[in-house]
Amino acid sequence: MPDPASISLTSPLAPIKGIGQRTADQLAALGLTNVGKLIAHIPLRHERHEAEANVRELLPGQIVSTRGEIVATRPVGNGKRSRFEAVLMDATGRLDLVWFNAPYMRDKVIPGMRVRVQGKAKSFGYGLQLTNPKLEPLRPEHSEPDRREARIRAVYPASEEIDSARIERAIDAVLDEALPQLEDHLPEPFRVARDLPELREAYRMLHRPESMEEAARAVRRLAYDELLMLQVSVALKRAELRTRLRAPALPWTEKLDAHIRARFPFQLTDAQNDVIKEITADLSSPVPSNRLIQGDVGSGKTVVALYAMLLAVADGHQAALMAPTELLAEQHFASISRMLGGSRVRVALLTASVTGDARDGLLSALREGRIDLLIGTHALITDQVEFKSLAVAVIDEQHRFGVHQRAALRSKGAAPSDASAGAQSVTPHVLVMTATPIPRTLAITIFGDLDVSTIRSLPAGRKPIRTRVVQSPQRDEVYSFVEKRLEKGQQAYVVVPAIDASEDASGADIRGVTDVLEQLTKGPLKSRRVEAVHGRLPSRDRERIMQSFRDARIDVLVATTVIEVGVDVPNAAIMVIEQADRFGLSQLHQLRGRVGRGTHESVCILIADPTTEEARARLAAIAATSDGFALAEKDFELRGMGELFGSRQSGTPAFRVADLVRDRDLLAMARRDAMDWVARSPTLDRPEESLLKRRVLKAHGQGLALGDVG
Ligand code: ADP
Ligand code: MG
């Protein structure tokens with residue numbers, strides 16, 4: 001048995017008194033292989049455990065805790081209304097226990113075992129009963145101290161093999177030795193100014209809090225650390241980018257400005273002009289800019305991006321615009337070509353459908369600088385694509401792409417032959433646009449290295465869209481309403497969750513484009529021209545149908561979410577969304593944004609039979625507000641970060657302690673602190689920063705070329 005004083009943070013767990021080989025193996029399966037990792041095991045939550053009393057001392061109406069032996073158990077009924085009853089005895093009396101809908105308790109509660117229980121007591125016959133109490137098996141007599149005082153206990157992530165209580169005991173076995181060895185990476189005055197406890201104190205309070213307040217203080221400190229490290233790494237990366245890379249500085253003149261504006265068929269809004277000002281300031285500098293433009297659906301982001309791209313072209317460089325779908329790329333190509341009709345700007349479209357000779361020709365024209373403005377899909381970031389001199393790269397609907405794709409487009413800066421050894425690399429200015437307004441907290445974490453511009457208002461003259469939620473029995477009424485609007489010459493979208501009908505995991509029907517199309521053309525919309533688009537349709541067919549819809553040769557377009565982004569047909573004033581509860585809030589808002597683009601009064605009808613509270617809340621939220629930013633915040637609250645971005649947003653950081661909904665303020669503070677810190681000390685090379693630097697590099701070192709420390 002090693003001398004306790006010899007325990008260090010890197011000591012293995014098996015030899016430690018109170019842990020042993022078996023437990024050490026079980027902990028190792030959770031990734032807890034040494035003392036340091038063990039004490040960094042973050043509790044899921046903390047629970048208050050009441051002081052234990054004898055059964056006879058317990059009072060009805062209170063949360064009580066006691067221990068004793070299970071003397072009898074009995075399952076009652078089965079199915080939904082089943083319950084499991086047990087009787088606990090101690091030296092002073094009998095306590096009844098009951099669990100509802102918990103058939104698994106049968107395996108957990110066995111006559112003869114000694115347990116500790118906690119729950120709310122109520123009168124039951126002559127005695128007391130606890131309903132759904134918490135239950136913890138006790139080890140043999142006398143090895144578990146009686147708890148005569150209430151205390152707060154940590155509940156740890158556990159496994160089948162090892163439960164939270166056992167993990168708690170293991171942590172207890174090392175904590176006293178381990179704590180003094182923890183070194184704080186935050187200077188004391190810095191910490192004190194932010195009311196953050198010292199690191200040792202934080203870990204003590206995390207594992208052995210004396211009150212819920214202490215537990216919360218510990219979590220706050222550790223969550224702050226986690227957020228600070230991420231933000232410091234972002235700030236370092238940004239500082240590095242700014243010194244190592246150069247972008248073409250694009251001059252701005254009034255004459256050029258007038259020239260560009262003359263191309264737009266409308267006056268820009270004040271909101272657009274504000275953002276253009278921010279962008280031109282970026283572009284006129286050789287520091288590569290990296291800016292997120294967020295603006296609600298229809299706020300007019302495309303022309304803002306076009307303005308930036310034309311600044312590049314005017315100075316003899318190239319520009320690129322990458323969109324997430326072929327449909328959207330094609331539409332951008334069409335509308336931008338229209339605006340630039342008769343000018344000298346050479347615009348080209350590159351998607352996966354451009355193949356063979358056409359593709360080869362396009363690629364060499366691009367390399368030789370005979371194309372000024374390239375619009376396309378992911379095809380833009382494939383290896384063969386080389387620009388002569390890319391100065392502005394725009395990514396539309398950025399949330400549809402991953403972080404890596406942004407980096408890939410950035411790397412297209414200069415053809416390899418231009419980059420002479422030792423010179424600073426040339427990189428384009430990058431603009432990313434999103435119409436899924438990103439809650440501020442998320443924008444900071446995910447796009448922490450971006451500056452953010454927001455187009456705050458829509459072009460004048462937009463009519464508000466009325467949104468109604470109805471249940472499926474009203475479907476006939478919905479489509480007769482649609483029919484009335486079609487009679488007036490308007491057009492409609494019908495959005496369906498899937499291409500083919502199917503069932504979800506719980507056996508509920510999912511509607512498909514193909515069967516909805518058939519149903520509508522046989523039934524309520526018999527006399528109408530109805531067509532379907534979805535992702536499986538060859539792009540040529542899709543484009544043909546979209547063009548017919550734009551030209552009003554089709555009345556109703558049945559579609560999957562392929563029309564979610566970008567599609568712009570002003571005469572379409574009705575949006576019906578089938579099984580709307582199957583869509584996310586931001587998605588519904590995007591879809592709704594397809595209407596309300598012309599002069600007709602527009603309506604969005606959500607057909608849904610929500611089965612969960614959360615789905616109901618989402619539908620109520622979308623019906624009540626048309627502000628995409630407010631909705632995004634709401635969505636974030638309802639579903640959390642993962643869902644909002646689905647699996648698309650690769651590179652989204654996962655946090656161990658921080659919770660972005662709960663810790664918004666902490667995040668804002670960490671961001672400010674990180675920016676200030678790195679502004680004062682761009683490489684963190686002062687001695688008092690070495691520990692912080694080491695920890696930041698350890699957590700986020702990849703991609704930081706600051707040299708490997710520790
Ligand atoms: P989003 O921000 O959703 O990408 P778009 O750039 O597609 O929006 O613009 C939506 C519609 O508004 C387009 O038809 C566009 O031509 C039009 N538009 C953009 N700016 C203005 C403006 N200042 N005045 C009038 N219409 C505008
Ligand atoms: Mg757009």
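Counting starts at 1 for both ligands and their atoms, in listed order.
Atoms of ligand 1 found under 4.0 Å from any heavy atom of L268, numbered from 1 in the order shown, are 23 (N). When each atom of ligand 1 is checked for a heavy atom of D568 under 4.0 Å away, the hits are 11 (C), 13 (C), 14 (O). Remark: ligand 1 atoms within the under-4.0 Å shell around heavy atoms of T269 are 23 (N). Taking every heavy atom of Q267 and a limit of under 4.0 angstrom, the matching atoms of ligand 1 come to 22 (C), 23 (N), 24 (N). Those atoms of ligand 1 with a heavy atom of V297 less than 4.0 angstrom away are 3 (O).
Within the 3.5 Å criterion, the main-chain N or O of G489 finds a donor-acceptor partner in the side chain of N571. A distance-only check finds no donor-acceptor pair linking the side chain of H429 to the backbone of I279 [under 3.5 Å]. Formation of a donor-acceptor pair under 3.5 Å by the R597 side chain with backbone atoms of G593 is found in this model. A donor-acceptor pair under 3.5 Å is formed between the side chain of T625 and the backbone N or O of D627.
Residue contacts with ligand 1, taken as heavy atom pairs separated by less than 4.0 Å, do not involve M433 at all.
Ligand 1 has a nitrogen or oxygen under 3.5 angstrom from a nitrogen or oxygen of G300. Remark: ligand 1 and G298 share an N or O pair separated by less than 3.5 Å (distance only, no angle test).
Remark: the E326 side chain and the S353 side chain contain an N/O donor-acceptor pair separated by less than 3.5 Å. D396 and H332 are linked by a side-chain donor-acceptor pair at a separation below 3.5 angstrom, with hydrogens and angles left out of the test. Side-chain contact, H589 with D296: a donor N or O sits under 3.5 Å from an acceptor N or O.
The residue from D396, T302, T434 that puts a heavy atom closest to atom 7 (O) of ligand 1 is T302.
For the pair S299 and ligand 1, a heavy-atom separation below 4.0 Å is found.
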